[in-house]
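Written below as structure tokens is the structure these notes are about.
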Amino acid sequence: MAVDVILGLQWGDEGKGKIVDYLAENYDIVCRFQGGPNAGHTLKIGGRKYVLHTIPSGIFRENIINIIGNGVVLDPITMAREMDNLDKENFEYKSRLLVSQKAHLIVPTHRYLDAASEASKGSAKIGSTLKGIGPAYMDKTGRNGLRAGDILASDFESRYNAIKEKHLGLLKLYPEVDFDLEAQEHAFFESIEILRSLQLVNSEYYVNNALSNGKNILAEGAQGSMLDIDFGTYPFVTSSSTISAGVCSGLGIAPNKIREVIGIAKAYCTRVGSGPFPTELNDEMGEKLRKEGMEFGATTGRPRRCGWIDIPQLKYTIMINGVTQIIITKLDVLDAFDQISAAVSYLYDGITSEALPFDIVNKKIDPVYRHFDGWNTSLSSATTFSQLPDKAKSYIAQLEQLLETQISMVSTGPEREKLLSKK
Ligand code: GDP
Ligand code: IMO
Ligand code: MG
């Protein structure tokens with residue numbers, strides 16, 4: 001039937017995993033279409049917390065197929081670790097977890113190169129998660145990569161060795177970094193065996209046949225649109241196409257199969273790693289957002305940088321993604337604020353503008369803020385949108401007006417059930 005997309009409208013960690021897990025029950029298939037284990041998607045179900053990096057967030061929903069698409073870069077080691085965690089939960093998922101034969105593999109020397117490349121940049125480092133994402137996508141576009149389907153070939157090991165030797169040559173260009181290659185290679189080959197036990201599929205046929213047979217698909221984005229390789233704050237970005245266009249190339253789905261593009265945005269804004277962040281708060285207010293929102297990375301544990309919601313930034317990502325509806329997450333984090341702010345335009349080069357400038361990395365941008373009354377009360381007891389305090393409803397209504405896009409739901413806590421539909 002159709003493909004709906006869930007993706008992040010800011011710099012990642014918007015709460016995509018929680019929303020995918022919640023909405024997955026309305027779909028037959030959930031697919032990851034880009035990124036890799038740099039993602040950390042947190043689900044809170046029945047008092048338990050799960051963090052998924054490679055496995056799609058539909059895995060906890062019975063009977064739903066989960067596909068790791070061709071656009072993903074897959075690290076068998078992380079994948080095996082995630083599977084190990086799921087195995088402890090005593091539920092059946094392996095028959096529902098499919099991997100595209102065309103997904104590229106992250107090999108240990110990709111992570112080695114990531115670490116060495118970051119070390120060489122000094123204070124100009126990207127703040128990569130060091131999961132080998134950049135080097136793996138470089139090998140993909142450089143036409144040197146190994147793909148998941150290759151693990152079944154009889155010469156897999158010699159092809160692995162060839163790419164490893166190439167990487168060892170490149171590593172000579174960089175400063176030395178600590179990396180236990182032997183131990184990592186051992187873990188890699190062990191986890192390749194586990195990957196061999198999963199169904200490796202021609203996923204573009206699988207998803208298109210499913211669509212022809214009336215099935216519905218949910219595509220789960222990783223990272224956020226401001227980390228997109230083309231439209232993000234380059235070079236402080238990730239190496240994949242994180243926007244809705246990435247669904248087509250990352251799954252083999254035609255654009256006319258895409259129905260809803262559901263953009264996820266926090267009620268404020270965070271970023272982890274280096275790079276521009278116009279509304280960042282380097283003060284007590286930023287500290288308070290970090291504390292109330294428990295803003296520490298799900299993949300690396302690093303403290304996330306925090307600031308107010310940024311309307312021009314969101315309008316930009318709504319535009320490039322063709323967002324049809326927005327879900328606002330972490331509204332409850334603002335419970336403790338007397339006043340809430342939102343950037344509505346920028347001041348730079350002596351002018352007021354709503355446009356993100358090309359040289360955003362070097363330009364000093366002063367956000368122009370609009371302020372809203374806080375509601376100063378806990379949202380936790382609201383079980384419907386209409387039960388929210390008037391000031392919270394008013395904040396959402398004003399965001400909707402500023403963004404010129406429908407807000408369909410708001411999330412008021414990390415738990416699966418804390419999601420209120422506005423309709
Ligand atoms: P993702 O990468 O977009 O899936 O998001 P992360 O899992 O990295 O980060 C979102 C964090 O916020 C996780 O710890 C979630 O459990 C948590 N979270 C999600 N939605 C809400 C919400 O509405 N309120 C609160 N307080 N926490 C939330
Ligand atoms: P989810 O899916 C937040 C950031 C890193 C770094 C930059 C490049 O959980 O929202 P990379 O490892 O890709 O080379 O890092 O991108 N980054 C994320 N930030 N959430 C993520 O994923 C991220 N994945 C990468 O911090 O600044
Ligand atoms: Mg995350």
Side-chain angles (χ1 to χ4, degrees), residues 1-8 15-37 39-46 48-72 74 79 82-101 103 148 194-195 197-222 247 250-253 257-262 264 325 327 408-409 411 414-419 421:
M1 265 237 299
V3 183
D4 292 340
V5 183
I6 285 191
L7 46 77
K16 300 174 291 293
K18 172 193 155 154
I19 308 296
V20 171
D21 166 61
Y22 182 90
L23 294 178
E25 64 174 356
N26 305 321
Y27 296 86
D28 303 289
I29 303 174
V30 177
C31 305
R32 276 279 305 272
F33 58 92
Q34 47 70 233
H41 294 179
T42 315
L43 280 53
K44 220 167 161 193
I45 307 167
R48 300 284 304 270
K49 182 174 138 175
Y50 307 94
V51 181
L52 297 170
H53 301 284
T54 315
I55 295 174
S57 302
I59 201 73
F60 290 99
R61 295 287 190 182
E62 248 176 87
N63 301 326
I64 291 173
I65 303 289
N66 287 259
I67 302 182
I68 296 170
N70 59 278
V72 172
L74 186 159
M79 175 92 173
E82 278 183 73
M83 288 173 63
D84 219 30
N85 286 336
L86 292 185
D87 287 341
K88 289 182 196 133
E89 296 301 316
N90 266 328
F91 77 116
E92 208 295 305
Y93 68 90
K94 280 188 191 131
S95 62
R96 299 186 286 110
L97 182 58
L98 276 48
V99 178
S100 165
Q101 294 167 326
I194 295 168
L195 193 55
S197 72
L198 292 179
Q199 295 180 68
L200 298 171
V201 294
N202 219 329
S203 58
E204 59 275 31
Y205 280 112
Y206 191 97
V207 292
N208 281 292
N209 285 339
L211 288 170
S212 303
N213 292 328
K215 308 279 190 210
N216 284 315
I217 297 178
L218 185 60
E220 172 180 7
V247 175
L251 290 174
I253 281 169
K257 296 287 193 317
I258 295 179
R259 186 174 54 188
E260 293 291 315
V261 179
I262 307 167
I264 315 297
Q325 51 175 296
I327 298 179
S408 56
M409 295 178 125
S411 172
E415 300 81 14
R416 181 189 263 175
E417 56 283 359
K418 292 260 183 222
L419 197 59
S421 178

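Keep in mind it's a predicted model, so treat the numbers as computed, not measured.
Residues Pro37 and Thr54 share a closest heavy-atom pair of CB-OG1, 4.1 Å. Listed here is the closest heavy atom pair of Ala222 and Ala39: CB-CB, 3.8 Å. In terms of heavy-atom proximity, Asn208 sits nearest to Gly252 at ND2-O, 2.8 Å. The shortest non-hydrogen separation linking Gly36 to Val72 is CA-CG1, 4.4 Å. Across Leu52 and Ser57, no two heavy atoms sit closer than the pair CD1-CA, 3.7 Å. Closest approach of Val3 to Ala219, counting heavy atoms only: CG1-CB, 4.3 Å.
Going from atom CG of Asn202 over to atom OG of Ser100 covers 7.5 Å, rounded to the nearest 0.5 Å. Note: Ile55 CD1 to Asn66 CG = 8.5 Å, rounded to the nearest 0.5 Å. Summarising the geometry, atom CD1 belonging to Ile29 is positioned 4.5 Å from atom CD1 belonging to Ile217; distances are rounded to the nearest 0.5 Å. Taken from CD1 in Ile262 to CD1 in Ile327, the straight-line distance is 5.5 Å, to the nearest 0.5 Å. Summarising the geometry, atom CD belonging to Glu220 is positioned 10.5 Å from atom CD1 belonging to Ile264; distances are rounded to the nearest 0.5 Å. Within the model, atoms CD of Gln199 and CZ of Arg96 stand 12.0 Å from one another, a figure rounded to the nearest 0.5 Å.
Between Glu89 and Arg48, the closest side-chain pair of non-hydrogen atoms falls below 4.5 Å. The shortest distance between side-chain heavy atoms of Ile65 and Lys215 does not fall below 4.5 Å. Counting heavy atoms from C-beta outward, Leu86 and Lys94 have side chains that stay 4.5 Å or more apart. Between Leu97 and Pro56 the shortest side-chain heavy-atom distance falls below 4.5 Å. Side-chain contact between Val99 and Met79 is present, with at least one heavy-atom pair separated by less than 4.5 Å. Residues Asp21 and Arg61 have side chains in contact (heavy-atom distance under 4.5 Å, counting atoms from C-beta outward). Contact check for Lys18 versus Lys44: no side-chain heavy atoms found under the 4.5 Å cut-off. At a threshold of 4.5 Å between non-hydrogen side-chain atoms, the residues Leu74 and Leu195 count as touching.
Side-chain atoms of Asp28 come within 3.5 Å of backbone atoms of Asn216 as a donor-acceptor pair (strictly under, hydrogens ignored). Looking only at distances, no side-chain donor or acceptor of Arg416 sits under 3.5 Å from a matching main-chain atom of Leu43.
With a 6.0 Å radius and a threshold of 12 heavy atoms from other residues, nucleotides or ligands, Phe91 has its CZ atom above the threshold. Heavy-atom contacts from other residues, nucleotides or ligands closer than 6.0 Å to CD of Glu62 number 12 or fewer.
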- Message: Between Lys257 and Leu211, does the side-chain contact (heavy atoms from CB on, under 4.5 Å) criterion hold? Intermediate values first, please.
- Response: CA-CA 8 Å; Lys257 296 287 193 317; Leu211 288 170; 4.1 Å; yes
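Ring pair Tyr50/Phe60 is tilted by interplanar angle, where 30° to 60° counts as tilted.
Applying the ring-ring contact (aromatic ring centres under 6.0 Å, His included) rule to Tyr27 yields no partners; only residues at least two apart in sequence or on another chain are considered. The side chain to side chain donor-acceptor pair (under 3.5 Å) check on Glu204 picks up Lys102, with sequence neighbours excluded.
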